[in-house]
Amino acid sequence: MPELPEVETVRLTVWPELAGRRISQVLIQHPDVVGGADRTAEFVEWLHEATFTGVGRRGKYLILEMRRPDGKGGGQFEVLVHLRMTGKLTCAEPADDQLPHTHLRLCLDDGRELRFADTRRFGRWTLLSGEPGCKAPRGYQELGLEPLGEGFDAPALGARLQGRGGKIKAMLLDQRIVAGIGNIYADEILHRCGLHPEMRAAQLGPDAVARLAATIPAVLSEAVGQGGTTIRDYVDGRGRKGDFVYSLRVYGRAGEPCLACGHAVAKATIAGRSTFFCPVCQPAGRGG
DNA sequence: TAAATCCTGTCA
DNA sequence: TGACAGGATTTA
């Protein structure tokens with residue numbers, strides 16, 4: 001479900017609710033979320049009585065920044081949250097009905113709760129206490145360029161794509177190259193760049209790389225401004241849907257006219273994922 | 001580099 | 001009943 005703009009919107013909407021709050025109770029209703037039953041005790045031990053000092057983001061990972069009252073772990077530690085396909089992180093009043101498939105609840109000292117619901121249970125919370133054996137998932141360690149961060153430009157992107165023989169769509173989905181792009185935004189970015197999704201990364205000329213380097217942050221930040229994209233499940237930290245779905249130019253529009261040229265939008269499976277593109281605006285074999 | 005896998009829900 | 005869904009990892 002959530003790609004960078006959705007995760008960033010969740011970050012922006014939960015932080016005001018969490019700033020300075022202390023966790024009074026940790027309720028784990030499905031241990032898989034924290035990595036299995038043998039990790040729950042450690043997870044609860046660290047989070048109970050901890051205070052929120054910040055909420056960050058890297059790619060599609062949310063980073064809960066915490067401080068312990070007893071100074072354990074040097075006082076500071078982090079929890080990584082990945083929503084995967086159907087994860088929802090929301091702040092709620094205790095009296096609010098629980099969403100179906102609520103797996104984890106953090107009760108706060110103001111009486112409210114941070115809740116995690118995830119239908120398909122792919123989402124994961126990872127404790128980074130700094131203790132041995134408590135390390136970040138490899139996917140997090142290997143994250144590539146941050147599209148909305150400093151230093152995201154054509155030379156940096158070109159260097160990451162250098163020597164890669166794969167299809168450009170697969171390259172955009174590879175979190176080790178650029179962090180945060182998923183299936184929706186990959187298609188939207190390629191359409192705006194006029195690049196066929198099956199173009200090989202090695203075929204891309206400097207103009208195409210420059211267009212990608214400019215378009216990636218432009219599309220993602222525009223989507224953040226719209227509160228992300230809700231196709232079905234996604235909601236922000238306040239339970240609201242995102243409006244960028246109304247700005248999508250190709251994703252989910254198979255057979256409908258391209259908004260640029262009027263030709264029917266095509267659908268194909270590329271890199272194992274449903275892919276939408278305009279055969280006229282995104283011709284095969286030209287890398288600009 | 002592709003397919004299978006982890007899950008549940010929805011739609012044709 | 002089978003295909004498919006916004007993700008990522010593991011296996012072949």
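This one's a predicted model, so the numbers in the text were calculated from it and none came from an experiment. When reading the values below, keep in mind they use all heavy atoms of this one structure, side chains included, and skip hydrogens, waters and symmetry mates. Throughout, protein chains are lettered first and strands after them, A, B, ... in sequence-line order, and every chain is numbered starting at 1.
Checked by atom type and distance alone, the side chain of A:E142 never pairs as donor or acceptor with a backbone atom of A:G139 at under 3.5 Å. Side chain of A:H48 to main chain of A:W46: no donor-acceptor pair is present (N/O by atom type, distance under 3.5 Å, no hydrogens or angles).
A:Y251 comes within 4.0 angstrom of the backbone, heavy atoms only, and of no base. Nucleic acid contact for A:R232: base, since at least one base atom lies under 4.0 Å from a heavy atom of the residue. Within the 4.0 angstrom heavy-atom criterion, no nucleotide atom of any strand lies near A:G272. Within 4.0 Å (heavy atoms only), A:G166 reaches sugar-phosphate atoms of the nucleic acid but no base atom.
B:dG9 and C:dT9: their P atoms are spaced 25 Å apart (whole Å). The same atom, C1', is picked in B:dT1 and in C:dG6; the two are 22 Å apart, to the nearest Å. The P atoms of B:dC7 and C:dT11 are separated by 15 Å, rounded to the nearest whole Å.
Rounding to whole angstrom units, CZ of residue A:R273 and P of B:dT5 are separated by 17 Å. In this structure, A:I231 atom CD1 and C:dG6 atom P are separated by 9 Å, rounded to whole Å. Distance CD (A:E6) to P (C:dG6): 12 Å, rounded to an integer number of Å. Residue A:R121 contributes atom CZ, which lies 16 Å from atom C1' of C:dG7 at whole-angstrom precision. Atoms CD1 (A:I189) and P (C:dG6) sit 15 Å apart, rounded to a whole Å. Distance CZ (A:R176) to P (B:dT1): 11 Å, rounded to an integer number of Å. Rounded to an integer number of Å, the gap from A:H103 NE2 to B:dC6 P is 17 Å. Whole-Å rounding puts the A:D187 CG to C:dA5 P distance at 11 Å.
In this structure, B:dC7 makes no Watson-Crick or G-U wobble pair, since no nucleotide meets both defining distances under 3.5 angstrom. Shown here, C:dA12 forms a base pair with B:dT1; the pair counts as Watson-Crick or G-U wobble because both key distances fall under 3.5 Å.
For the pair A:R120 and A:R138, nearest-nucleotide mapping onto DNA chain C gives the more 5' position to A:R120. In this structure, A:A271 and A:D32 both approach DNA chain B, and ranking their closest nucleotides by distance from the 5' end singles out A:A271.
Distances shorter than 4.0 Å separate none of the side-chain N or O atoms of A:H101 from OP1 or OP2 on B:dC7. The phosphate of C:dG7 (OP1 or OP2) has no side-chain N or O of A:Q175 nearer than 4.0 angstrom. OP1 or OP2 of C:dG7 has not a single side-chain nitrogen or oxygen of A:H82 nearer than 4.0 Å. Look at A:K60 and you'll find a side-chain N or O under 4.0 angstrom from OP1 or OP2 of C:dG7.
Taking the six-membered ring where the residue is Trp, the centroids of A:Y251 and A:F244 are separated by 6.0 Å or more.
A:K169 and A:T275 form a side-chain donor-acceptor contact under 3.5 Å, judged by distance and modelled atom types alone.
A distance cut-off of 5.5 Å between ring centres, combined with a plane angle under 30°, leaves A:Y234 outside any stacking arrangement with the base of C:dG6. Residue A:F122 and nucleotide B:dC6 are classified as a stacked aromatic pair, their ring centres being separated by less than 5.5 Å at an interplanar angle below 30°.
More than 12 heavy atoms of other residues, nucleotides or ligands sit less than 6.0 Å from atom CG of A:D70.
With salt bridges taken as basic N to acidic carboxylate O contacts below 4.0 Å, none links A:R68 and A:E49.
Comparing C:dA5, C:dG6, C:dG7 by their closest approach to the side chain of A:D233 singles out C:dG6. Comparing C:dT9, B:dT8, B:dC7 by their nearest atom to the side chain of A:Y61 picks out C:dT9. Closest contact between the side chain of A:T119 and the listed nucleotides B:dA2, B:dG9, C:dC4 involves B:dG9. The side chain of A:K267 approaches C:dA5 more closely than any other nucleotide in the set C:dA5, B:dC6, C:dA8. Side-chain proximity of A:R200 to C:dA5, B:dT1, C:dT10: nearest is B:dT1.
Between A:R105 and A:Q98 there is a side-chain heavy-atom pair separated by less than 4.5 Å.
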